[in-house]
S.K.: 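Okay, here's the structure, questions in a sec.
Lettering of chains follows the sequences in order, A, B, ..., and the numbering in each one begins at 1.
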Amino acid sequence: MSKPVRVRFAPSPTGPLHIGGVRTALFNYLFAKKHNGTFILRIEDTDQNRYVANAEQYIIDALNWSGISPDETIGKNEKFGPYRQSERKGIYKKYADELIASGNAYYAFDTAEELDALRNEYQENKKTFIYNHHNREKLNNSLTLHAEEVQKRLKNGDKYVIRFKTPVDKTLKMQDMIRGDIKIDTNTLDDKILFKSDGMPTYHLANIVDDHLMEITHVIRGEEWLPSMALHVLLYNAFGWDAPEFAHLPLILKPTGKGKLSKRDGDKLGFPVFPLEYKNESTSEISKGYREDGYFTEAFINMLAFLGWNPGTEQELFSLEELIQAFDISKVVKSGAKFDVDKTKWFQHQYLINKSDGELAELFLEKDSRVSHFHVNGNDKENNLDYITKVVSLIKERATFVSDFWDLSSFFFEAPTEYDAKASKKAWKQDASGLMKELISILSNLEDFSAENTENIVKQWITSKEIGFGKVMPPFRLSLVGAMKGPHLFDITSFIGKEETIQRIEKAIEYFD
RNA sequence: GUCCGAUUCGUCUAGGGGUUUAGGAUACAAGACCUUCAAUCUUGUGACACGGGUUCGAAUCCCGUAUCGGAUACCA
């Protein structure tokens with residue numbers, strides 16, 4: 001068909017990448033892989049004022065953790081490098097000059113103050129100042145000044161910017177892979193600055209030049225760029241280059257209320273907005289990350305992929321590989337999607353229960369010092385892991401994160417140190433102590449302490465003596481667990497063993513008497 | 001203000017003029033299971049923003065209105 005697919009993710013290093021950015025990167029990645037293409041990371045740091053030192057590394061770390069590392073970037077397959085726009089500084093001026101020579105751009109000497117004054121003046125009259133064909137003939141630029149005057153100012157070292165000379169009276173017809181046909185009247189556009197007085201290009205120029213030089217075939221970016229698409233297409237035309245295809249992704253919105261998702265929403269509603277924890281070096285403020293909150297990257301990516309896209313089938317759980325196979329950019333939704341914490345947790349839960357007990361046990365051991373201090377049969381590591389694996393198999397279905405494990409399983413590792421007050425009141429009635437004493441004598445006579453056998457014997461006892469399950473089971477559970485929760489009671493007894501079971505009941509009797 | 005975009009259950013969405021009593025997931029509720037809690041399973045509640053067209057027929061096409069979002073910087 002055509003040229004090999006090359007797409008780029010081009011963030012600006014002004015702070016941590018938030019999940020909207022990760023999703024844009026993900027869709028670029030999926031599109032590239034789907035078409036056997038190349039996924040490129042380019043850092044757009046043309047604004048020196050907003051540069052944040054650790055942001056670039058954060059972006060790279062975030063993509064790595066997400067499993068969507070670029071194929072081509074700083075220090076990796078640098079065929080079209082450099083990949084930092086600040087290091088490409090030298091190449092943009094030439095292209096701006098080319099546009100001036102072809103009559104598609106002009107020098108402008110208006111100062112920022114002059115333009116601000118003009119904007120204010122227009123605003124007072126309830127109008128909007130637009131620097132374009134309406135008034136460019138009246139302002140301070142190479143369209144109005146004599147050629148010698150322009151040369152003189154340039155030689156003099158006067159500050160100037162280079163602006164695009166937007167064509168007049170044209171209707172631009174464009175195509176977006178997600179939105180279809182888009183029409184724009186060029187008269188509504190303004191003469192955007194392409195080259196700043198500090199010698200750096202603006203986003204618009206740098207972006208087009210780099211995309212062309214790096215042979216980008218598809219531009220997949222956020223919806224906030226839709227209004228700039230016309231300018232970009234016009235620029236490609238002015239240079240005589242083929243424009244890439246465009247796709248503008250919908251925004252990710254706040255879970256409640258209005259507007260796009262912001263860092264504050266996360267703080268307020270208690271979910272992370274960033275993939276990784278981020279520490280703001282100037283304020284020391286720490287923002288939560290999905291990784292640190294215990295989300296698996298598979299769950300995080302699956303959730304993100306489904307925010308604004310779905311394959312049109314009823315399958316919801318997709319590995320990255322399956323996402324690549326199923327991905328179709330034309331199926332991306334056009335409208336913004338509100339972020340949903342519950343759904344995110346559901347994805348995480350699904351991935352957690354699908355992991356093997358052994359793998360989860362190792363994570364549990366690695367991440368929770370309370371378990372790693374636990375030893376079954378002395379110091380035998382294998383027995384220990386084996387025991388924890390079995391515990392995990394009993395409790396994982398009720399957990400969302402590995403960090404939930406301890407609360408769900410502590411009674412497998414240590415006797416309860418306190419008894420839940422509310423549960424105690426309900427479970428431990430007057431006759432409980434007596435019944436528990438009887439229970440101890442029954443248990444101590446047992447040879448086979450397996451879950452099945454213990455259950456059978458205990459139930460026989462209860463039925464034959466017509467005591468009622470409601471009188472025995474609650475205090476029994478309370479003794480072992482300390483609360484009215486947890487897995488099947490006889491699974492617990494067989495796990496902790498006869499001796500420990502009896503000890504715990506004795507302890508409870510002592511406590512309540 | 002101007003320009004651009006969007007609008008289906010609370011939320012994410014399926015839907016491309018008749019096969020739709022608008023489907024799925026999540027959330028919520030009830031029941032089952034378990035004499036615990038959760039998970040799980042079953043069932044249920046719940047939506048085409050509004051108004052006009054076009055058409056035999058519209059969630060689907062067109063036009064308005066409303067609402068929301070984005071852009072309107074020598075930021076990206």
S.K.: Do nucleotides 67-76 of chain B as a string where each nucleotide becomes B, S or -: B if the base has a protein heavy atom under 4.0 Å, S if just the sugar-phosphate does, - if no protein is that close.
M.R.: -SSSSSSBBB
S.K.: Under 4.0 Å, heavy atom to any atom of RNA chain B: which of residues 391-409 of chain A qualify?
M.R.: A/Glu397, A/Arg398
S.K.: Who is the Watson-Crick or G-U wobble partner of B/A59, with both distances under 3.5 Å?
M.R.: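 With both distances under 3.5 Å required, B/A59 matches none.
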S.K.: Partner lookup for B/U43, please. Criteria are Watson-Crick or G-U wobble with both distances under 3.5 angstrom; report none if nothing qualifies.
M.R.: B/A29
S.K.: To the side chain of A/Ser335, which of B/A27, B/U40, B/U7 is closest?
M.R.: B/U7
S.K.: Looking at every strand, decide which applies to A/Pro250 at a 4.0 Å heavy-atom threshold: base, sugar-phosphate, or nothing.
M.R.: nothing
S.K.: Between A/Phe195 and A/Gly199, which heavy-atom pair has the shortest distance, and what is it?
M.R.: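 Reported closest heavy-atom pair: CZ-O, 3.3 Å.
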S.K.: Looking at every strand, decide which applies to A/Lys331 at a 4.0 Å heavy-atom threshold: base, sugar-phosphate, or nothing.
M.R.: sugar-phosphate
S.K.: Under a 4.0 Å threshold between the charged nitrogen and the carboxylate oxygen, would A/Glu44 count as salt-bridged to A/Arg84?
M.R.: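 Looking at A/Arg84 and A/Glu44, the cut-off is not met.
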S.K.: Considering only atom P, compute the distance from B/G18 to B/A27 and round it to an integer number of Å.
M.R.: 33 Å
S.K.: Side chain of A/Asn310 only, please: which of B/A14, B/C12, B/G23 is the nearest?
M.R.: B/A14
S.K.: Taking the basic N atoms (NZ, or NE/NH1/NH2) and the acidic carboxylate oxygens, is any pair closer than 4.0 Å for A/Asp191 and A/Lys165?
M.R.: no
S.K.: Given the P atoms of B/C50 and B/U8, what is the spacing between them in whole Å?
M.R.: 11 Å
S.K.: Using the C1' atom on both, measure B/G24 against B/G46 and round to a whole Å.
M.R.: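 B/G24 and B/G46 have their C1' atoms separated by 14 Å.
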S.K.: Is there a Watson-Crick or G-U wobble partner for B/U36 with both distances under 3.5 Å, and which nucleotide is it?
M.R.: none
S.K.: Sequence neighbours excluded and cut-off under 3.5 Å, please list the side-chain donor-acceptor pairs for residues 475-494 of chain A, or say none.
M.R.:
unit_1   : atom_1 : unit_2   : atom_2 : d
A/Arg477 : NH1    : A/Lys485 : O      : 2.6
A/Arg477 : NH1    : A/Pro487 : O      : 3.3
A/Arg477 : NH2    : A/Pro487 : O      : 3.0
A/Ser479 : OG     : A/Pro475 : O      : 2.7
A/Lys485 : NZ     : A/Asp407 : O      : 3.0
A/His488 : NE2    : A/Glu455 : OE1    : 3.1
A/Thr493 : OG1    : A/Phe490 : O      : 2.9
A/Ser494 : OG     : A/Asp491 : O      : 3.3

S.K.: Could you tell me which nucleotide pairs with B/U2 by Watson-Crick or G-U wobble geometry, both distances under 3.5 Å, or answer none if nothing does?
M.R.: B/A71
S.K.: Does B/A22 have a Watson-Crick or wobble partner in any strand here, with both distances under 3.5 angstrom, and which is it?
M.R.: none
S.K.: May I ask you to check whether over 12 heavy atoms, not counting those of A/Lys471, lie within 6.0 Å of atom NZ?
M.R.: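 No.
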S.K.: Regarding A/Val333, tell me which of base, sugar-phosphate or nothing describes its non-hydrogen contacts under 4.0 Å with the strands shown.
M.R.: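 Answer is sugar-phosphate: A/Val333 comes under 4.0 Å of backbone atoms only.
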S.K.: Using atom C1' of each nucleotide, how far apart are B/C9 and B/A22 to the nearest Å?
M.R.: 10 Å
S.K.: Under a 3.5 Å limit for both distances, which nucleotide forms a Watson-Crick or G-U wobble pair with B/U65, could you say?
M.R.: B/A49
S.K.: When you compare B/A25 with B/G44, how far apart are their P atoms, in angstrom units rounded to a whole number?
M.R.: 12 Å
S.K.: Supply the atom-to-atom distance A/His204 NE2 to A/Leu231 CG, rounded to the nearest 0.5 angstrom.
M.R.: 5.5 Å
S.K.: With both distances kept under 3.5 Å, what pairs with B/C9, Watson-Crick or G-U wobble?
M.R.: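 In the structure as shown, B/C9 has no Watson-Crick or wobble partner.
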S.K.: Taking the inter-plane angle between the rings of A/Phe327 and A/Trp309 on a 0 to 90° scale, is it parallel (under 30°), tilted (30 to 60°) or perpendicular (over 60°)?
M.R.: tilted
